[in-house]
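One structure below.
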Amino acid sequence: MSQSIAAHPDRLLPADPGTRSIARSLLERVQDLPIISPHGHVDAAVIEQNTPFPDPAALLVSPDHYVTRLIHANGVPMDQLLTGAASAPASREIWRQFVEAWPLFEGTASGYWLRTQFNDVFNLGADLSEMPSDASYDAIAAKLVEPDFRPRQLFKDFNIEVLATTDDPLDNLASHEALTDDPSFNGRVLPTFRPDAYLNVAHPSWRANVDRLIATAGDGATGYAGYIAALENRRRYFVEHGAVSADHGVRTPATLKLDATEAEALFERARAGKATAQDRDAFEAHMMYQMARMSVADGLVMTIHPGSYRNHHEPTFTEFGADTGHDIPFAVNYTEAIRPLLQDFGTAKDFHLVLFTLDETVFSRELAPLAGFYPSVYIGAPWWFLDAPDAMLRFRSAVTETAGFSRSSGFIDDTRAFCSIPARHDASRRIEASFLARLVAEHRVSEDRAHELILDVVDSSPRRVFKL
């Protein structure tokens with residue numbers, strides 16, 4: 001069997017020998033820096049309780065919608081890929097389906113990350129296509145039961161310094177508190193305030209969530225006043241437990257400033273089940289304005305992740321639930337949509353607003369110009385369908401000529417897949433080295449300055465933008 005291409009030291013670096021040499025030098029400067037992960041979806045309890053990982057299919061196939069969506073697109077029913085499905089086959093059979101489909105992942109970002117994990121984390125030593133499915137399954141399964149192959153040890157082995165989770169506003173954050181108080185754990189696992197299900201009137205549990213929120217944290221107030229007070233109180237609780245940001249997975253980046261009377265009327269119509277679609281959009285846009293106001297007051301970095309048509313295929317959502325591979329991007333408008341918020345808070349002292357997109361046409365047209373003027377605005381790293389090697393290069397080319405390097409967030413892995421974190425950060429560092437090497441080779445940036453810039457992009461930017 002041949003060695004996996006994931007072991008090649010020059011993967012993702014430029015093909016031109018001279019430029020590649022510069023990129024190697026730049027990569028060496030940052031390759032061993034600690035991982036700063038200020039936005040992701042790993043469950044803090046898994047780290048706190050040091051929970052063993054499940055079998056290979058349950059770890060690497062079923063929960064990864066990057067993986068299941070492409071296999072499903074090529075004819076495999078979804079219930080044959082999800083370990084929790086009622087008619088799911090045994091994990092070993094799911095793994096066989098995955099190995100048979102492995103050639104489909106050539107050229108994809110998920111194929112690159114998985115190949116890197118197989119080589120660097122699971123030490124397979126050969127490409128998946130060159131091993132019988134049972135052999136690769138058994139090799140990974142054996143790794144998963146090793147005493148040192150647990151989340152806490154891997155947190156250390158992966159050289160993670162900071163890992164942010166994504167948490168419900170009413171979460172008691174007990175796991176975060178336990179990790180902070182544990183002298184044997186040296187990393188930082190930070191909660192992130194994620195209030196989508198409490199702001200989006202269209203969410204099926206919105207009314208129940210709002211009732212619980214007001215009862216729990218409304219300080220005895222009722223109605224809209226209690227709702228606002230409760231959100232402010234829960235944000236404060238998160239800050240007290242180490243949170244540095246509040247994240248918003250909204251459909252669009254629309255913002256709207258309403259007076260209290262208008263907002264209360266919308267709120268009460270929604271609670272009575274009488275809100276129109278226009279009412280729902282207006283209320284969420286107003287609450288995004290309110291979230292910015294609160295961030296100015298409490299210091300939480302505000303991040304916005306818009307532009308995904310969630311649960312595009314209703315039959316799949318009905319049978320298998322959310323996050324099963326059929327969220328589809330659509331075009332967004334930032335310039336007009338975010339303006340009401342920026343009118344009042346765009347130049348507010350110490351307010352940080354990180355804008356992400358799944359529509360890469362807005363990188364150069366809207367986000368770079370916005371970040372190039374407003375002190376509060378930073379450009380979020382390529383996210384979801386765009387955190388792929390070529391898309392990351394397009395991103396860097398699109399935003400740098402207008403906004404430079406200082407106005408971007410640093411890399412965001414945005415993952416639930418704990419074992420993929422080092423692969424994703426390594427890929428980002430290689431792409432940054434490749435982009436800067438081209439600028440050096442074209443005599444647009446000096447090599448000494450490129451070495452300073454890559455340190456800033458990889459390490460200083462996420463610390464600066466997320467107030468770490």
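Computed from a predicted structure; not experimentally measured.
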Salt-bridge present (D138, R92; N to O < 4.0 Å): yes
Heavy atoms, side chains only, cut-off 4.5 Å: are F395 and S408 in contact? yes
Looking at the rings of Y237 and H241, which for Trp means the six-membered one, are their centres under 6.0 Å apart? yes
Test side chain to side chain contact (heavy atoms under 4.5 Å, CB included) on R396 and F405 and set out the steps. CA-CA 8 Å; R396 188 52 74 188; F405 290 92; 3.8 Å; yes
Is a side-chain N or O of T255 found less than 3.5 angstrom from the main chain of A337, in a donor-acceptor match? yes
Test item: D55 and Y137 side chains (from C-beta on) under 4.5 Å apart, heavy atoms: yes
Has the side chain of T357 got a donor or acceptor atom that lies under 3.5 Å from a matching backbone atom of E360? no
Taking all heavy atoms of A139 and all of L124, pick out the closest pair and write down the distance. CB-CD2, 3.7 Å
R444 side chain to L439 main-chain N or O, any donor-acceptor pair under 3.5 Å? no
Run the salt-bridge test on D167 and R234 with the 4.0 Å N-O cut-off and return the result as yes or no. no
What residues, two or more places apart in sequence or in another chain, satisfy ring-ring contact (aromatic ring centres under 6.0 Å, His included) together with Y309? H312
Minimal non-hydrogen separation, F105 against S110, with atom names: CD2-OG, 3.6 Å
Considering only NZ, NE, NH1 and NH2 on the basic side and carboxylate oxygens on the acidic side, decide whether E161 and R188 come within less than 4.0 Å. no
After noting the C-alpha distance and the side-chain angles of Q117 and S420, does the key distance pass the side chain to side chain donor-acceptor pair (under 3.5 Å) rule? CA-CA 6 Å; Q117 288 178 75; S420 77; 4.7 Å; no
Distance under 6.0 Å and angle within 45° of the ring axis: does R251 meet both against F330? yes
Kindly give the heavy-atom pair with the smallest separation between A15 and R20, and that separation in Å. CA-NH2, 4.0 Å
Side chains of I304 and V354: closer than 4.5 Å at any heavy-atom pair? no
Would you say the side chains of D448 and S446 form a donor-acceptor pair under 3.5 Å? no
Under 4.5 Å between any side-chain heavy atoms of H248 and N200, yes or no? no
Residue pair L455, D459: steps toward the side chain to side chain contact (heavy atoms under 4.5 Å, CB included) verdict: CA-CA 6 Å; L455 284 170; D459 190 75; 5.7 Å; no
Exercise: identify the closest heavy-atom pair between R115 and S4: CG-OG, 3.6 Å
Note: F155 and G187 closest approach over all heavy atoms is CE2-CA, 3.6 Å
Indicate yes or no: at least one non-hydrogen side-chain atom of H352 is less than 4.5 angstrom from one of S376. no
Are R235 and F238 in a cation-pi setup, meaning NZ or CZ lies under 6.0 angstrom from the ring centre and within 45 degrees of the ring axis? no
Decide whether S136 and W95 meet the rule of one side-chain donor and one side-chain acceptor closer than 3.5 Å. yes
Begin from the C-alpha positions of R464 and S461 and carry the test side chain to side chain donor-acceptor pair (under 3.5 Å) through to its verdict. CA-CA 5 Å; R464 178 172 63 246; S461 282; 3.1 Å; yes
For D247 against D196, the heavy-atom pair lying closest together: O-OD1, 3.9 Å
Taken in chain and number order and not counting sequence neighbours, the residues that satisfy side chain to side chain donor-acceptor pair (under 3.5 Å) with D168 are Y198
Pair L114, F98 - check side chain to side chain contact (heavy atoms under 4.5 Å, CB included), show working. CA-CA 12 Å; L114 285 164; F98 167 60; 4.0 Å; yes
Do V399 and L367 touch side chain to side chain, with heavy atoms closer than 4.5 Å? no
Checking the side chain of N311 only, and the main-chain atoms of F317 only, is there a donor and an acceptor separated by less than 3.5 Å? no
Test side-chain contact (heavy atoms from CB on, under 4.5 Å), reference I140, set L59, V121, L60, output is L60
Could you list the donor-acceptor pairs under 3.5 angstrom formed by side chains in residues 36-47, with sequence neighbours left out?
from	atom 1	to	atom 2	distance (Å)
S37	OG	D413	OD1	3.4
S37	OG	D413	OD2	2.6
H39	NE2	D414	OD1	2.9
H41	ND1	T166	OG1	3.1
H41	NE2	D414	OD1	2.9
D43	OD1	A45	N	3.0

When you look at CD of E314, are more than 12 heavy atoms from neighbouring residues, nucleotides or ligands closer to it than 6.0 Å? no
After noting the C-alpha distance and the side-chain angles of R280 and E284, does the key distance pass the salt bridge (charged side-chain N to carboxylate O under 4.0 Å, His left out) rule? CA-CA 6 Å; R280 293 194 294 266; E284 184 175 53; over 6 Å; no
With a cut-off of 6.0 Å (strictly less than), are more than 12 heavy atoms of other residues, nucleotides or ligands near NZ of K156? no
I'd like to check the side chain to side chain donor-acceptor pair (under 3.5 Å) partners of Y66; sequence neighbours left out, ordered by chain and number. D387
Y334 and F363 aromatic centres sub-6.0 Å: no
Is the shortest heavy-atom distance from the side chain of E177 to the side chain of L173 under 4.5 Å? no
Evaluate the side chain to side chain contact (heavy atoms under 4.5 Å, CB included) criterion for residues I412 and F466: first the C-alpha distance (whole Å), next the side-chain angles of each, then the deciding distance (0.1 Å), finally the verdict. CA-CA 11 Å; I412 307 291; F466 285 88; 3.8 Å; yes
If you define the side chain from C-beta out and look only at heavy atoms, does anything of D171 sit under 4.5 Å from H176? no
F418 ring center near F158 ring center (under 6.0 Å): yes
Under a 4.0 Å threshold between the charged nitrogen and the carboxylate oxygen, would R150 count as salt-bridged to D148? no
Ignoring hydrogens and angles, tell me if any N or O in the side chain of R407 forms a donor-acceptor pair with the backbone of V377 under 3.5 Å. yes
Salt bridge check: are E432 and R429 linked by an N-O gap of less than 4.0 Å? no
In plain terms, say whether D426 and R430 are close enough for a salt bridge, that is, a side-chain N and a carboxylate O under 4.0 Å apart. yes
Sequence neighbours excluded and cut-off under 3.5 Å, please list the side-chain donor-acceptor pairs for residues 25-33, or say none.
from	atom 1	to	atom 2	distance (Å)
S25	OG	H451	NE2	3.2
R29	NH1	H451	ND1	3.3

Assess the residue pair S184 and D182 against the criterion (side chain to side chain donor-acceptor pair (under 3.5 Å)); give the C-alpha distance rounded to whole Å, side-chain angles, the decisive distance to 0.1 Å, and a yes or no. CA-CA 5 Å; S184 69; D182 187 346; 2.6 Å; yes
Restricting to pairs with a member in residues 424-449, which pass ring pair (Phe, Tyr, Trp, His ring centres under 6.0 Å), not counting sequence neighbours? F411-H425
List the steps, then state whether side chain to side chain donor-acceptor pair (under 3.5 Å) holds for R212 with T216. CA-CA 6 Å; R212 288 191 302 116; T216 302; over 6 Å; no
E106, CD atom: more than 12 neighbouring heavy atoms under 6.0 Å: yes
NZ/NE/NH1/NH2 to OD/OE distance under 4.0 Å, D134 and R96: no
